[in-house]
Asks: 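One structure, pasted below without further comment.
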Amino acid sequence: MELPTQTCASVPFDHAKADVILRSADGVEFRVFRLFLSLASPFFETLFDLPQAPDGASDQEMKDGLAVIAVPEDSKTLDTFLRFCYPSTLAEDPSLDNLTEVLSVLAAAKKYSLDLIERKVCQALANPKVLETDPLRSFAIARNARLKHETITAARCNLRQPLIPALFAEINLITASDLLALLTYHKKCIISVQHLMKNLKWMTDHYCNTNGCSWLFRGSSYNGNRCRCGQGTDESFFPWGSAPVVWWTIYMQEVCELLQDSPSGNTVRTAADRTIQKVRSSTNCVVCPGRVKKRMTEFSNLLALKVEEAVALIELEMDF
């Protein structure tokens, strides 16, 4: 078996006064200080405290007078967790935006008892940027590591996605029971928000009467003009028993359908953004395009809040 070519790591892991070398699985040599690693990790503290055999009496590999310790992690993973071990004046904490990196660094953190890094990984899993793009992968990694808060947070963010997930790389990290618990939670959240579409009391209580949201109705005025939009015919969405403008009815019908798969406040707001664009670009009304953004943003925020309140009542049933 051909051994990997040995190369030296980049700054700050190439210091001439380092007192030990860690060699990654892909042959990169990190010249590091025992003190920094011992302070960060009980594992390394114990390792470096072990009695050393006299010169020539051990098969310990040496290079430039330093002990060489081979580790199974690749150089990218090793570089990341070593930067967490070093003082910030010598190495800035790396970003953990890539979930593939998060998984390998978390495994190394647990192996080497690096509690600080484990906390940093937890923060990375709760990063809104990561959760927005990969909530299901975040869930799998967090669940595999038995990180309760991060698992629940990822499950909540995954409500933005359809009930039935697509295949993803980290699915082997969780059990069938874990996946069933996630899907059951998702389904219960779908059921929990349905009453918001069937009963508009949350809306009529908020606005009190038609004067509170006059923009919803044909004939309302704005900047001296009157709304001439058509009226909706779906009586399921007649607040106070009155027919609203047709574009709002279409919005509510769309949201009602979307929430049956993705019960999230984000679903509500995204649909509102689409409605705003449609009203601004396609309606012949001289009133609604000028006020739709403000009014629909306010309304969708209200509905999104009610959706989030409804799903907050549902618990992810998992043992940690």
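Source: prediction; values computed, not measured.
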Asks: Could you tell me whether Lys188 and Glu315 make a salt bridge, using a distance below 4.0 angstrom between a side-chain N and a carboxylate O?
Replies: no
Asks: Closest heavy-atom contact between Arg226 and Gly219?
Replies: NH1-O, 2.5 Å
Asks: If you measure from OG1 on Thr184 to CG on Leu316, what distance do you get to the nearest 0.5 Å?
Replies: 9.5 Å
Asks: Between Thr175 and Asp178, does any side-chain donor sit less than 3.5 Å from a side-chain acceptor?
Replies: yes
Asks: Are the side chains of Glu150 and Phe139 in contact, using a 4.5 Å heavy-atom criterion?
Replies: no
Asks: Going by atom types only, do Arg228 and Asn284 share a side-chain donor-acceptor pair under 3.5 Å?
Replies: no
Asks: When you compare the side chain of Glu257 with that of Gln253, does any pair of heavy atoms fall below 4.5 Å?
Replies: no
Asks: Are any non-hydrogen side-chain atoms of Leu302 and Tyr207 less than 4.5 angstrom apart?
Replies: yes
Asks: Evaluate side chain to side chain contact (heavy atoms under 4.5 Å, CB included) for Glu61 paired with Arg23, printing each intermediate quantity in order.
Replies: CA-CA 11 Å; Glu61 181 182 354; Arg23 181 182 293 152; 2.9 Å; yes
Asks: In this structure, are over 12 heavy atoms from other groups packed under 6.0 Å from Lys148 atom NZ?
Replies: no
Asks: Side chain to side chain contact (heavy atoms under 4.5 Å, CB included) for Met62 and Val68? Distances and angles first, verdict last.
Replies: CA-CA 6 Å; Met62 303 294 291; Val68 178; 5.9 Å; no
Asks: Would you call Thr275 and Trp248 a side-chain contact if the rule is heavy atoms closer than 4.5 Å?
Replies: no
Asks: Run the ring-centre check on Phe36 versus Phe44 and record whether the distance is less than 6.0 Å.
Replies: no
Asks: Is it true that Arg143 and Glu170 make a salt bridge, defined as a side-chain N closer than 4.0 Å to a carboxylate O?
Replies: no
Asks: Between Thr133 and Val130 (side chain of the first, backbone of the second, donor and acceptor by atom type, cut-off under 3.5 Å), is there such a pair?
Replies: yes
Asks: Taking atom types as modelled, is there a side-chain donor on Ser75 or Asp26 under 3.5 Å from an acceptor on the other?
Replies: yes
Asks: Kindly give the heavy-atom pair with the smallest separation between Val255 and Val268, and that separation in Å.
Replies: CG1-CG2, 4.1 Å
Asks: In this structure, are over 12 heavy atoms from other groups packed under 6.0 Å from Gln260 atom CD?
Replies: yes
Asks: Do Phe48 and Phe43 come within less than 4.5 Å of each other through their side chains, counting heavy atoms only?
Replies: no
Asks: Say you draw a straight line from CG of Leu258 to OG1 of Thr270; how long is it, rounded to the nearest 0.5 Å?
Replies: 9.0 Å
Asks: Taking the side chain as everything from C-beta on, heavy atoms only, tell me whether Ile69 gets closer than 4.5 Å to Val20.
Replies: yes
Asks: Do Thr77 and Asp74 meet the criterion of a side-chain donor-acceptor pair at a distance under 3.5 Å?
Replies: yes
Asks: Less than 4.0 Å between a side-chain N and a carboxylate O, is that true for Glu45 and Arg34?
Replies: no
Asks: State, with a plain yes or no, whether a side-chain heavy atom of Gln231 is found less than 4.5 Å away from one of Arg218.
Replies: yes
Asks: Students often mix this up, so state it plainly: with edges at 30° and 60°, are the rings of Phe217 and Trp240 parallel, tilted or perpendicular?
Replies: tilted
Asks: Cut-off 3.5 Å, side chains only: do Glu73 and Tyr112 have a donor facing an acceptor?
Replies: yes
Asks: Rounded to the nearest 0.5 Å, how far apart are CG of Asn158 and NE2 of His186?
Replies: 6.5 Å
Asks: Which residues pass the salt bridge (charged side-chain N to carboxylate O under 4.0 Å, His left out) test with Glu132, not counting sequence neighbours?
Replies: none
Asks: Does Glu309 CD have over 12 foreign heavy atoms under 6.0 Å away?
Replies: yes
Asks: State whether Asp79 and Arg83 are salt-bridged, where the test is any N-O pair (Lys NZ or Arg NE/NH1/NH2 against Asp/Glu carboxylate O) under 4.0 Å.
Replies: yes
Asks: Before you tell me yes or no, could you show the steps for Leu99 and Ile141 under side chain to side chain contact (heavy atoms under 4.5 Å, CB included), namely the whole-Å CA-CA distance, both residues' side-chain angles and the distance that decides it to 0.1 Å?
Replies: CA-CA 8 Å; Leu99 282 181; Ile141 294 171; 4.1 Å; yes
Asks: Taking the side chain as every heavy atom from C-beta outward, state whether Glu29 and Lys63 have any pair of such atoms under 4.5 Å apart.
Replies: yes
Asks: Is there a side chain to side chain contact (heavy atoms under 4.5 Å, CB included) between Leu303 and Tyr251? Walk through the geometry before answering.
Replies: CA-CA 12 Å; Leu303 177 52; Tyr251 165 76; 4.2 Å; yes
Asks: For Asp319, is the CG atom crowded, meaning more than 12 foreign heavy atoms sit under 6.0 Å from it?
Replies: no
Asks: Nearest 0.5 angstrom please: Thr297 OG1 to Phe299 CZ, how far?
Replies: 12.0 Å
Asks: Does any pair with a residue in residues 151-162 pass salt bridge (Lys or Arg N to Asp or Glu O under 4.0 Å), and if so which ones, sequence neighbours excluded?
Replies: none
Asks: We want to know whether Arg291 and Ser220 form a side-chain donor-acceptor pair, criterion being a heavy-atom distance below 3.5 angstrom.
Replies: yes
